[in-house]
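Following: one structure in structure tokens, then a few remarks.
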Number of protein chains: 2
Amino acid sequence: MVNIKQIAQQAGVSVSTVSRVLNNHPYVRADKRERVQQVIEQNSYTPNSQAINLIRGKTKTVGLILPFSHHPYYHAIIAGVMEEAYQYGYHVLLCQTSYNPDQEREYLHMLSTRQVDGIIACSRVLPWAELQSYSDSGPIVVCEYTEESNLSAVYTDHYGAFCSGIQYLLDHGYTRIGYCIGRKTSASSQERFRAYQNTLHAAGLEVYQEWIFPDCIHMSDGEQIAKRIATMESPPSALIVTGDEAAAGVMLGARQYGLRIPEQLAIIGYDNQPISAGLQLTTIDQNLQEIGRQAFSLFYERSLDATIMPVKRQIPYTLIERHSV
Amino acid sequence: MVNIKQIAQQAGVSVSTVSRVLNNHPYVRADKRERVQQVIEQNSYTPNSQAINLIRGKTKTVGLILPFSHHPYYHAIIAGVMEEAYQYGYHVLLCQTSYNPDQEREYLHMLSTRQVDGIIACSRVLPWAELQSYSDSGPIVVCEYTEESNLSAVYTDHYGAFCSGIQYLLDHGYTRIGYCIGRKTSASSQERFRAYQNTLHAAGLEVYQEWIFPDCIHMSDGEQIAKRIATMESPPSALIVTGDEAAAGVMLGARQYGLRIPEQLAIIGYDNQPISAGLQLTTIDQNLQEIGRQAFSLFYERSLDATIMPVKRQIPYTLIERHSV
DNA sequence: ATGAAAGCGCTAACAG
DNA sequence: CTGTTAGCGCTTTCAT
């Protein structure tokens, strides 16, 4: 690998001059500039960005933390982040944590070690305080609302979204309402439970824990749940499923086990993924791509000016009416 | 940002000793090691990986080149690469090209500039020779078969896969067979045309150019095509659609425009994405995740030992029978 | 306009 | 066992 020194030597100039040519500085005599250019091309020399990064303290890279990557939810966010990052010439470094705190810590560390200029966290298992402690080294944007830290955040109003979904079901005459979520412990799940409880109570309805199905992430999970519902003595007649793929699974399972949709089981999905269009699934679109885009912009703005305050930005959701309710 | 020098100073040792502690070298007196450890923790010091990368000439990062990221095809590959990369402690740098040669070149450049240890190219617009020229700087793996270069490759036998799909349709009595592809110019599209031509000719059938639909990538593209087919005077009665989401679009469009499936229009999708399961779409699974996984391994093996020869690895496909044929 | 030299933060001989 | 020193490849004063 040829370096700047060798180029300088071959061109008969100093490394500074080569550097100037490389960075389009003025104050280089035309003929020297010419000569250097030539030597550079002859050797198809390219500067070592590690070295440049080291000096500039910048990498033009943002780290995207996610638990795993085989779920359309994350892909929608990835696509949004990528789209925006591409505009500004940034790269996206995918950092998979599998919800492992050590792994998550290690990636946050990359901020301290300048491997990335900032972090966008789609998932989080570390305490807020710890997350926040890393933000001295660069902008951190989370995709989750919290009062507990003043990190920048882009998020969905999960409470409101869930309320509106439940209300929609109520308006359509369903009273035996349940829901499926991913991880029970996540912040959004807690919001959703609050929404569930409050909306039901407001309607004079009771909460049945058996109608709350956690660990519903993939299509197969949805199918299993439909199977269980088909055999419950007191089954829900409507379900909000946080994730269209899982919702699709419920739908398929329901068909398989003889449940008519929406007569016997109404379903509202989440995320407006293509599969929901395919199955005519009513769904709540939380605009994941936009969340990704905004997350990048928030990072970017702060990376330009570290003094601006962290921003919390709520992204609107929309209920897309189709035929599963 | 505290650095190794300051740690050394505070601990009253030399930077080498700190370095040794950092890298778990033997030959450090226990008490000094202890002291250094403490100072490190007090300052929550973390080494600057830019600097380490600079010295080691390694980044533990592989660049993944793709044209865009809002398509499930790439997500499946990403997921496969990530899964494997995670095992070996590697990161994945997403590099979006939008099929722009300059952009692609720039990313390849990152190999020369040591920003990544290797490249996995899901898409390619540059000539093979140019791609290959970068491979001096590190392993390049492409997800496409070619004789024109001796880069490592992980690929599907597109010819065979298409033949078997067409044969399947023939076996089911369809003779008016067409197909939908993405970019007409891609290598795989050419393979597919060959397969189409040969299989049809072998069956004594003719090739109709009007039954070949290019630029069919997203769901909406599929819907449009179904619309066109519904109004064609001499429409195909069976279609292979390279991509389940697009195939789903065809299916939906067909329903919308009154075409019964599979009686009036048989459909074979591609990739065995969840949506195909959801719609009971017969599909050809080219095992994209496995392609991603293998691509990473190929990169990894060569990164350990640059002398081993490039490998071409074919990933088997499977026709998944469901109800759209 | 140009070059010498001092780093960026770290590792790795080398010499004790 | 430990410190000194010379880089890794580049940018950026500071002289000239």
Side-chain angles (χ1 to χ4, degrees), chain A residues 1-37 39-40 43-61 109-117 136-138, chain B residues 1-37 39-40 43-61 109-117 136-138:
Chain A
M1 186 89 291
V2 44
N3 62 22
I4 199 174
K5 212 166 174 178
Q6 302 170 31
I7 298 294
Q9 220 159 38
Q10 273 191 50
V13 298
S14 72
V15 289
S16 334
T17 302
V18 177
S19 173
R20 289 193 186 96
V21 171
L22 248 22
N23 296 283
N24 287 313
H25 279 284
Y27 301 143
V28 181
R29 224 170 52 209
D31 61 320
K32 289 209 176 187
R33 160 163 279 134
E34 192 73 14
R35 190 138 39 96
V36 171
Q37 290 286 22
V39 178
I40 286 178
N43 293 274
S44 48
Y45 160 76
T46 64
N48 177 327
S49 10
Q50 297 296 344
I52 300 177
N53 289 344
L54 178 57
I55 289 171
R56 296 219 208 288
K58 283 246 179 192
T59 60
K60 282 255 178 187
T61 300
H109 239 76
M110 299 194 327
L111 197 52
S112 325
T113 64
R114 314 280 163 106
Q115 286 197 86
V116 296
D117 293 348
D136 300 335
S137 314
Chain B
M1 186 86 294
V2 43
N3 63 22
I4 198 174
K5 215 167 174 176
Q6 302 169 32
I7 298 293
Q9 221 158 36
Q10 273 191 50
V13 298
S14 74
V15 290
S16 336
T17 302
V18 177
S19 175
R20 288 192 187 98
V21 172
L22 248 24
N23 295 284
N24 288 314
H25 278 284
Y27 301 146
V28 181
R29 223 169 54 209
D31 61 320
K32 289 210 176 187
R33 162 164 276 135
E34 192 73 10
R35 190 139 39 96
V36 171
Q37 289 287 20
V39 178
I40 286 179
N43 293 273
S44 46
Y45 160 77
T46 63
N48 178 328
S49 11
Q50 298 296 342
I52 299 177
N53 289 343
L54 178 57
I55 289 173
R56 296 218 208 287
K58 283 246 177 192
T59 61
K60 282 256 178 187
T61 299
H109 240 75
M110 298 196 326
L111 196 52
S112 325
T113 65
R114 313 280 162 105
Q115 287 196 87
V116 296
D117 293 349
D136 300 335
S137 314

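Per chain, numbering begins at 1; letters A, B, ... match sequence-line order. From a predicted model like this one, the values you see are computed outputs, not experimental measurements.
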Regarding [X], tell me which of base, sugar-phosphate or nothing describes its non-hydrogen contacts under 4.0 Å with the strands shown.
{"X": "A:Val18", "result": "nothing"}
{"X": "B:Thr17", "result": "sugar-phosphate"}
{"X": "A:Arg56", "result": "sugar-phosphate"}

Should we count CD of A:Glu34 as having more than 12 external heavy atoms under 6.0 Å?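 Result for CD/A:Glu34: open.
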
Over 12 non-hydrogen atoms of neighbours within 6.0 angstrom of CD in B:Gln9: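 Open.
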
Under the side-chain contact (heavy atoms from CB on, under 4.5 Å) test against A:Val18, which residue among A:Val39, A:Val28, A:Val13 passes?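 It is A:Val13, the one option of A:Val39, A:Val28, A:Val13 that forms the side-chain contact (heavy atoms from CB on, under 4.5 Å) with A:Val18.
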
Rounded to the nearest Å, what distance is computed from the [atom1] atom of residue [X] to the [atom2] atom of nucleotide [N]?
{"X": "B:Arg20", "N": "D:dT5", "atom1": "CZ", "atom2": "C1'", "answer": "12 Å"}
{"X": "B:Gln6", "N": "C:dC10", "atom1": "CD", "atom2": "C1'", "answer": "13 Å"}
{"X": "A:Leu22", "N": "D:dC10", "atom1": "CG", "atom2": "C1'", "answer": "9 Å"}

Does any N or O in the side chain of A:Asn3 come within less than 3.5 Å of the main-chain N or O of A:Lys5, such that one atom is a donor and the other an acceptor?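 At least one qualifying donor-acceptor pair exists.
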
With no hydrogens and no angle check, is any side-chain donor or acceptor of A:Arg33 less than 3.5 Å from a backbone partner on A:Val21?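 Pair absent, no side-chain N/O of A:Arg33 close to backbone of A:Val21.
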
Donor-acceptor pair under 3.5 Å: do we get one between B:Ser16's side chain and the base of D:dT4?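 Present.
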
At a cut-off of 3.5 Å, list every protein nitrogen or oxygen paired with a nitrogen or oxygen from nucleotides 7-9 of chain C, distance to 0.1 Å.
residue, atom, partner, partner atom, Å
C:dG9, OP2, B:Asn3, ND2, 3.4

